[in-house]
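Worth knowing before you read on, the calculation uses all heavy atoms, side chains too, and leaves out hydrogens, waters and symmetry mates.
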Amino acid sequence: MKITKVETLEADLSGQDGIQVWRPILVRVYTDEGITGMGEAGLAYGAGSEAVAPMIRVLAERFLLGNDPHDTETIWEQMLRRSFWALGGGPVVFGAMSALDAALWDIKGKAAGLPVHRLLGAKTPEQPLRCYASQMHFGWGPVHAMHDVPELYLETAQMAREQGYDCVKVCPVYVAPGGQRSINHGIFTPAERKLARARMEAIREGIGADADIILELNGITSAPGALQLANLFEDLDILFIEEATHYNSPEAHIKVSQRSPIPMATGERLYTRWGYLPYLQAGAIDMIQPDIGLVGGISEGIKIAHLAHAYDVGVQAHICASPLATAIALQFEAAIPNFVIHEHHTYNLKACNRNLFEEDLQPVNGKFSIPTAPGFGMTLNKDAEARMQKASVSLK
């Protein structure tokens, strides 16, 4: 089998369903045997999605065209070693590598007639995977919101609980009073702490005493600010704190982990096994959160999970992209020995995102059954595809 063409598909859905920036970047890899595979770069939000599709095409032209898609390890290592920039890391190059690698695994699964988790040597889980409702501060409905008053946090948590979730994730400091995005990156004033506490108490009341809460900080807090919040919420039985600091200073995260009374999680903006190693070696992380659309794809994600397993650390894949990213993450999570919980992002409830694929992947009673169709089992919606910006490189 030979790779003959690689096509990027960009879906600019910004402004739809209340989401300010939403640009899923997909890739489709073609072969001479008629089998195609799809992957996705984890850059649908923030700034940077415009850069990744050209990078995908460059890497594809240099390292994929003409090769056998089954050679995932060889192709991955060539992209790492011969692209020059991958040896320094970053979301654009590793996002591109991740998308391409995932597409190759999709092809391998389809060629073998097996879901990807079976190719990775795992039995299909007999029980559905536990998952949590993610980003309560953005609401839990069809339109994106910026929740301000504690009453809205209470209602949102109750809604998730009624749908069967026994765990939610929320950032109580993301939204400033009045509903705008917070810009506090230092320590929190008494008034800010009071509001954050009221929001968290509302979440606890809404989700109930017999459910879990993940404290999301999005990397927007300083080390002192994160410690303020850890101490402020210690009595609310928090499962773990996510992204307490930004990633440019591992030392800041390590400092917080050493003093926090709440376990620590991070990893959605780390790349490859080498990015996770310092945190694991320092004993500064209790849950890793690799985004399979950023860490290097399925090939590298599996290595990262097993590295964490050696340190007795659990895994929760970060997922904030199209339904394809959910499908990819589910196959990854079904294949690893240290899976803990699956993230179901509020953006997965939005029609603009759900309509990208024929398959609408949604949990039932807060749990996800693992798809067993070959590859990732996803079918791009033709109407959605017609609205996407496409470009390709082909074997001459």
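Screening Ser98, Pro91, Cys320 against Leu43 for a side chain to side chain contact (heavy atoms under 4.5 Å, CB included) leaves a single residue, Pro91. Of the candidates Asp17, Asn348, Asp360, Asn381, Arg354 forms a side-chain hydrogen bond (donor to acceptor under 3.5 Å, both in side chains) with just one, namely Asp360.
Between Trp22 and Tyr347, the angle of the ring planes goes over 60°, which puts this pair in the perpendicular group of the 30/60° scheme.
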- [ ] Start with the C-alpha gap between Met55 and Leu59, add the side-chain angles, then the distance that decides, and say whether side-chain contact (heavy atoms from CB on, under 4.5 Å) holds.
- [x] CA-CA 6 Å; Met55 178 62 79; Leu59 293 179; 4.1 Å; yes
Task: Stepwise side-chain hydrogen bond (donor to acceptor under 3.5 Å, both in side chains) check, Thr156 with His147 - done: CA-CA 9 Å; Thr156 301; His147 281 348; 3.0 Å; yes
TODO: Test Glu61 against Lys5 for salt bridge (Lys or Arg N to Asp or Glu O under 4.0 Å), laying out the working first.
DONE: CA-CA 9 Å; Glu61 188 169 33; Lys5 177 181 174 181; over 6 Å; no
- [ ] Starting from the C-alpha separation in whole Å, work towards a yes-or-no answer on side-chain hydrogen bond (donor to acceptor under 3.5 Å, both in side chains) for Gln135 and Thr346.
- [x] CA-CA 6 Å; Gln135 312 299 316; Thr346 182; over 6 Å; no
Task: Step-by-step side-chain contact (heavy atoms from CB on, under 4.5 Å) determination, Val175 to Tyr153 - done: CA-CA 12 Å; Val175 182; Tyr153 287 74; 4.2 Å; yes
Open item on the list: Let's go through Glu10 and Ser49 carefully: what are the C-alpha distance in whole Å and the side-chain angles of both, what is the deciding distance for side-chain hydrogen bond (donor to acceptor under 3.5 Å, both in side chains) to 0.1 Å, and is it a yes or a no?
Closed with: CA-CA 9 Å; Glu10 303 179 61; Ser49 65; over 6 Å; no
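In summary, Arg23 and Asp12 engage in a salt bridge, as defined by a charged side-chain N under 4.0 Å from a carboxylate O. By the 4.0 Å N-to-carboxylate-O rule, Arg130 lies close enough to Asp212 to be salt-bridged with it. A salt bridge links Asp235 to Arg197: one of the charged nitrogens lies within less than 4.0 Å of a carboxylate oxygen. Using a 4.0 Å cut-off between a side-chain N of Lys or Arg and a carboxylate O of Asp or Glu, Arg161 and Asp210 qualify as a salt bridge. Salt-bridge annotation for Lys110 and Asp106: present, with a side-chain N of the basic residue lying under 4.0 Å from a carboxylate O of the acidic one. For the pair Arg28 and Glu385, the salt-bridge criterion is met [side-chain N within less than 4.0 Å of a carboxylate O].
Clustering ILVMFWY residues whenever any of their side-chain heavy atoms sit less than 4.5 angstrom apart, transitively, puts Tyr174 in a cluster other than the one holding Leu195. Under a hydrophobic-cluster definition in which Ile, Leu, Val, Met, Phe, Trp and Tyr are linked whenever side-chain heavy atoms come within less than 4.5 Å, directly or via other members, Tyr271 and Ile304 are assigned to different clusters. Residue Ile262 is not grouped with residue Ile187 when hydrophobic side chains (ILVMFWY) are merged at heavy-atom distances under 4.5 angstrom, including chains of intermediate members. Note on Tyr45: it clusters hydrophobically with Val170, by side-chain heavy-atom contacts below 4.5 Å among ILVMFWY residues. In terms of hydrophobic clustering, with Ile, Leu, Val, Met, Phe, Trp and Tyr side chains grouped at heavy-atom distances under 4.5 Å, Val93 and Leu104 are assigned to a common cluster.
When the salt bridge (Lys or Arg N to Asp or Glu O under 4.0 Å) test is applied to Glu243, the partners found at least two apart in sequence or on another chain are Arg269.
Atom CE of Met264 and atom CZ of Phe240 lie 11.0 Å apart (nearest 0.5 Å). Thr4 contributes atom OG1, which lies 10.5 Å from atom CE of Met1 (distance to the nearest 0.5 angstrom). Taking CE from Met97 and CG from Leu294, the interatomic distance works out to 12.0 Å, rounded to the nearest 0.5 Å. Distance CG/Leu229 to SG/Cys171: 8.5 Å, rounded to 0.5 Å. Interatomic distance, NZ of Lys108 versus CD1 of Ile298, reported as 10.0 Å (0.5 Å rounding). From Leu395, atom CG reaches atom CD1 of Ile3 across 10.0 Å, with rounding to the nearest 0.5 Å.
Looking at heavy atoms from C-beta onward, Ile35 lies out of side-chain contact with Pro69 at the 4.5 angstrom threshold. Leu324 places a side-chain heavy atom less than 4.5 Å from the side chain of Leu26. Within the 4.5 Å cutoff, side-chain heavy atoms of Val295 are placed close to those of Tyr276. No side-chain heavy atom of Leu380 sits less than 4.5 Å from a side-chain heavy atom of Glu358. Between Thr36 and Ile107 there is no side-chain heavy-atom pair separated by less than 4.5 Å.
Donor-acceptor pairing under 3.5 Å is lacking for the side chains of Glu268 and Gln289. Checked by atom type, the side-chain pair Glu343/Ser134 shows a donor-acceptor distance below 3.5 Å. Glu359 and Thr379 form a side-chain donor-acceptor contact under 3.5 Å, judged by distance and modelled atom types alone. Between the side chains of Glu333 and His117, no donor-acceptor pair is found at a separation under 3.5 Å. In this structure, a donor-acceptor pair under 3.5 Å is absent between the side chains of Thr266 and His253. Side chain to side chain, Ser299 and Asp101 meet the donor-acceptor criterion of an N or O pair below 3.5 Å.
Within a 6.0 Å radius of CG in Leu87, other residues, nucleotides and ligands contribute more than 12 heavy atoms. More than 12 heavy atoms of other residues, nucleotides or ligands lie within 6.0 Å of NZ in Lys390, so this atom counts as buried by the packing criterion. Counted within 6.0 Å of CH2 on Trp274, heavy atoms from surrounding residues, nucleotides or ligands total more than 12; the atom is thus considered enclosed.
Nearest heavy-atom pair, Asp148 versus Gly178, reported as atom, atom and distance to 0.1 Å: OD2-N, 2.7 Å. For the pair Ile254 and Ala284, the tightest heavy-atom approach, listed with the atom from each and the gap, is CG1-CB, 3.7 Å.
Checked by atom type and distance alone, the side chain of Glu192 pairs as donor or acceptor with a backbone atom of Thr189 at under 3.5 Å. The backbone N or O of Ser392 lies less than 3.5 Å from no partner atom in the side chain of Arg57, so there is not a single donor-acceptor pair. Using modelled atom types, one side-chain atom of Lys350 and one backbone atom of Gly141 make a donor-acceptor pair closer than 3.5 Å. Under a 3.5 Å cut-off, the side chain of Ser83 and the backbone N or O of Met79 do form a donor-acceptor pair. The backbone N or O of Leu349 sits nowhere less than 3.5 Å from a side-chain atom of Asn353 that would complete a donor-acceptor pair. Under the 3.5 Å distance criterion, the side-chain polar atoms of Glu300 are matched with a main-chain donor or acceptor of Arg273.
The aromatic ring centroids of Tyr165 and Trp140 lie less than 6.0 Å from each other.
Within the structure, the side chain to side chain donor-acceptor pair (under 3.5 Å) test picks out no pair touching residues 278-288 (sequence neighbours left out).
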